[in-house]
Amino acid sequence: MSQSAPDLFDKIVNLSKRRGIVFPSAEIYGGFRSTYDYGPVGVLMLRNVKEAWWRSMVQLRSDVVGLDASILSPPAIWEASGHLANFTDPLVDCRNCGARHRQDKLDDPDVCPTCGMRGQFTEPRHFNLMFKTQAGPVEDDGAVAYLRPETAQGMFINFANVINTSRKKPPLGIAQIGKSFRNEITPGNFVFRTREFEQMELEFFVPPAEADQWYEYWCAERLQWYIDHGIDESKLRLRPHGPDELSHYSSGTSDVEFDFPWGWDELEGIANRGSYDLDQHMAHSGQKLEYFDQAANERYVPHVIEPAAGATRTMMAFLMAAYDDEIVNDETRTVLRLHPRIAPYKAAVLPLSKKPELTGPARDLLAELQPRWMVDYDETQAIGRRYRRQDEIGTPYCITYDFDSLEDKAVTIRDRDSMDQVRLPIAEVGDWLAERLS
Ligand code: ATP
């Protein structure tokens with residue numbers, strides 16, 4: 001069924017709450033604006049998003065290695081990167097209604113979207129988005145620390161460590177997944193923009209002459225990744241930045257955008273950053289961050305191509321792209337048509353009745369599958385309702401153990417999308433799933 005945009009947004013928020021995907025944080029204390037907790041189902045899905053990214057970006061490649069850098073960081077890093085001076089958003093207040101907005105995100109820079117008044121904004125103030133804290137018990141300047149606003153700097157400052165220890169040479173990528181923090185002026189749209197979020201970033205270091213070609217490569221590769229993981233091509237586009245949007249050091253940036261209920265918006269940015277970051281850290285740290293190519297007897301500062309995605313934002317896009325309701329036997333069936341790699345549970349084992357003669361062998365089958373996949377188990381309520389519950393959280397296969405199973409040693413497997421059922425010997429279930437879930 002096609003979904004109207006505002007409807008879809010509300011349906012995703014409601015489903016998330018109802019099925020343990022995403023909860024508003026600190027709810028028992030009245031909530032804490034724009035923070036979210038990932039529930040029992042959501043945590044699986046978020047892990048799968050990150051795992052799918054890691055699989056494509058690290059596991060299946062020999063030119064990318066991983067990193068997990070610290071979140072707390074000294075001011076020196078952010079001084080060098082330019083974040084202390086420039087990581088600001090222009091904040092305007094409406095004199096009429098008091099609402100606060102990010103000036104660069106307004107449709108009309110003179111009109112307040114909250115009250116509709118024209119010409120009531122204050123002069124923009126530049127507001128730094130970094131969270132500042134202190135490390136250690138003494139509050140002096142020496143103790144200032146920042147929560148990282150992006151994971152990228154971890155890769156730049158460790159470039160020499162990685163080159164010296166990995167026995168690899170450019171083109172070489174360093175990938176990282178982790179939390180980042182930004183004191184956003186206008187968080188919102190559910191988990192689209194939050195102050196605490198997770199990023200999945202790659203810094204791909206290349207010989208300068210190869211930068212343009214690798215930039216093109218990563219733009220195509222990253223767009224394809226979303227398609228390969230189940231988002232329809234019509235809901236995605238690659239939007240090159242205009243010259244006025246480009247940072248001074250970037251010779252090209254494109255965003256992968258998704259058709260969100262409020263319009264096209266960014267999922268990921270891919271930037272050709274030149275040697276800006278390594279140059280800055282060399283200048284500020286006094287350390288050499290170069291590569292010496294022995295074969296060519298040549299020393300150079302690599303250029304960097306950066307595909308930077310958000311894990312939490314991507315999860316939301318996957319939810320929106322997968323959501324469907326349809327009428328089946330006069331009832332609405334809600335189904336998340338998620339790619340099996342992204343689906344929270346890969347299968348659910350459902351004994352037809354709560355009688356121990358069925359639940360015993362059903363649990364044996366569960367135990368056999370659990371080492372390989374996340375498999376849910378549910379023995380309460382009518383089977384039809386249990387199927388619907390699994391449809392709502394996107395479980396690709398429901399495995400029903402019924403009274404005949406005791407005799408024929410077979411189970412019924414129901415497909416989430418087509419609702420077709422097949423009867424399969426229990427001994428073959430593992431291989432059957434493996435073929436479809438890889
Ligand atoms: P915007 O212009 O929307 O503030 P950005 O262009 O500054 O974002 P990047 O610095 O390129 O974002 O970050 C890379 C990715 O990290 C984004 O494409 C997005 O998926 C994710 N991201 C950035 N900020 C947030 C946030 N506040 N909440 C959730 N995800 C975010």
Side-chain angles (χ1 to χ4, degrees), residues 22 25 33-38 42 46 49-50 53 57 71 78 81-83 86-91 101-106 126-131 147-156 175-204 215 218-219 222-223 225-226 229 231 236-242 244-247 249-250 252-260 262-273 276-277 304-321:
V22 178
S25 193
R33 196 175 163 228
S34 165
T35 51
Y36 292 93
D37 298 339
Y38 291 74
L46 184 58
V49 170
K50 293 184 282 185
W53 186 90
M57 304 297 271
I71 289 173
W78 309 107
S81 69
H83 282 76
N86 301 321
F87 196 54
T88 57
D89 279 340
L91 165 70
H101 295 286
R102 230 175 101 173
Q103 191 192 39
D104 60 326
K105 295 277 174 186
L106 293 170
H126 288 276
F127 173 77
N128 196 295
L129 298 180
M130 283 199 293
F131 278 98
L147 301 187
R148 65 179 178 199
E150 60 174 31
T151 62
Q153 299 304 321
M155 282 78 110
F156 300 131
Q176 179 169 204
I177 299 176
K179 289 237 169 167
S180 293
F181 301 82
R182 296 183 187 179
N183 201 359
E184 298 277 2
I185 297 172
T186 46
N189 282 337
F190 197 39
V191 298
F192 179 83
R193 187 181 303 286
T194 47
R195 297 201 169 108
E196 172 180 348
F197 55 98
E198 276 192 277
Q199 289 189 306
M200 311 185 285
E201 296 195 290
L202 172 71
E203 305 304 324
F204 200 72
Y215 169 67
W218 279 113
C219 285
R222 292 305 306 151
L223 178 67
W225 184 84
Y226 295 93
H229 288 85
I231 301 186
L236 292 165
R237 71 178 188 191
L238 195 64
R239 187 184 67 81
H241 282 202
D244 53 323
E245 282 179 280
L246 284 181
S247 336
Y249 49 80
S250 173
T253 298
S254 293
D255 289 344
V256 176
E257 294 188 334
F258 177 73
D259 189 7
F260 283 99
W262 56 90
W264 290 100
D265 217 332
E266 175 180 338
L267 276 182
E268 164 161 3
I270 300 128
N272 185 346
R273 301 178 62 92
Y276 173 79
D277 308 278
V304 170
I305 313 302
E306 176 191 78
T312 36
R313 194 179 281 189
T314 295
M315 172 169 153
M316 181 170 164
F318 279 130
L319 282 172
M320 290 184 161

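Atoms within each ligand, like the ligands themselves, are counted from 1 in listed order. Quantities reported herein were computed from a predicted structural model and do not represent experimental measurements. We're numbering straight along the sequence, starting at 1.
Using a distance-only test at 3.5 Å, with no hydrogens or angles considered, no donor-acceptor pair links the side chain of Tyr249 to the main chain of Asp277. For the pair Asn128 (side chain) and Met130 (backbone), a donor-acceptor distance under 3.5 Å is present. Side-chain atoms of Arg148 never come within 3.5 Å of backbone atoms of Ser180 as a donor-acceptor pair (strictly under, hydrogens ignored).
Residue Lys105 places a heavy atom less than 4.0 Å from ligand 1. Taking a 4.0 Å cut-off on heavy atoms, Arg102 registers as neighbouring ligand 1. Ligand 1 lies within reach of Glu184, whose nearest heavy atom is under 4.0 Å from it.
The nearest heavy-atom contact from the protein to atom 21 (C) of ligand 1 is Gly310 CA, 3.7 Å. Scanning all protein heavy atoms for the shortest distance to atom 28 (N) of ligand 1 gives Thr194 N, 3.1 Å. Protein heavy atom nearest atom 29 (C) of ligand 1, with residue, atom name and distance: Phe192 O, 3.1 Å. Closest to atom 3 (O) of ligand 1, if we only count protein heavy atoms, is Arg193 NH2, 2.8 Å. Regarding atom 13 (O) of ligand 1, its nearest protein heavy-atom neighbour is Gln199 NE2, 3.4 Å. Of the protein's non-hydrogen atoms, Ala308 O, 3.6 Å is the one closest to atom 15 (C) of ligand 1.
In this structure, the side chains of Met200 and Val49 come closer than 4.5 Å at one or more pairs of heavy atoms.
The closest non-hydrogen atom to atom 9 (P) of ligand 1, taken over Glu201, Glu268, Glu196, Arg182, comes from Arg182. Of the listed residues (Phe258, Phe87, Phe197, Phe181), the one carrying the non-hydrogen atom nearest atom 26 (C) of ligand 1 is Phe197.
Only the side chain of Arg313 comes within 4.0 Å of ligand 1, counting heavy atoms alone; its backbone N, CA, C and O stay farther away. For Leu267, every heavy-atom contact with ligand 1 shorter than 4.0 Å involves the backbone, none the side chain.
With Glu268 as the fixed residue, the salt bridge (Lys or Arg N to Asp or Glu O under 4.0 Å) test singles out one of Arg237, Arg222, Arg313: Arg222.
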Could you give me the CA-CA distance, side-chain angles and deciding distance for Phe190 and Phe192, then say whether ring-ring contact (aromatic ring centres under 6.0 Å, His included) is met? CA-CA 6 Å; Phe190 197 39; Phe192 179 83; over 10 Å; no

Val304 and Phe156: CA distance, side-chain angles, deciding distance, side-chain contact (heavy atoms from CB on, under 4.5 Å) verdict: CA-CA 10 Å; Val304 170; Phe156 300 131; 3.9 Å; yes

ring-ring contact (aromatic ring centres under 6.0 Å, His included) assessment of Trp78 paired with Phe87: CA-CA 9 Å; Trp78 309 107; Phe87 196 54; 8.3 Å; no

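Salt bridge present: Glu245 and Arg239 bring a charged side-chain N and a carboxylate O closer than 4.0 Å.
Per-residue contacts place Glu266 under 4.0 angstrom from the following atoms of ligand 1 (heavy atoms of the residue considered): 6 (O), 11 (O), 12 (O), 17 (C), 18 (O).
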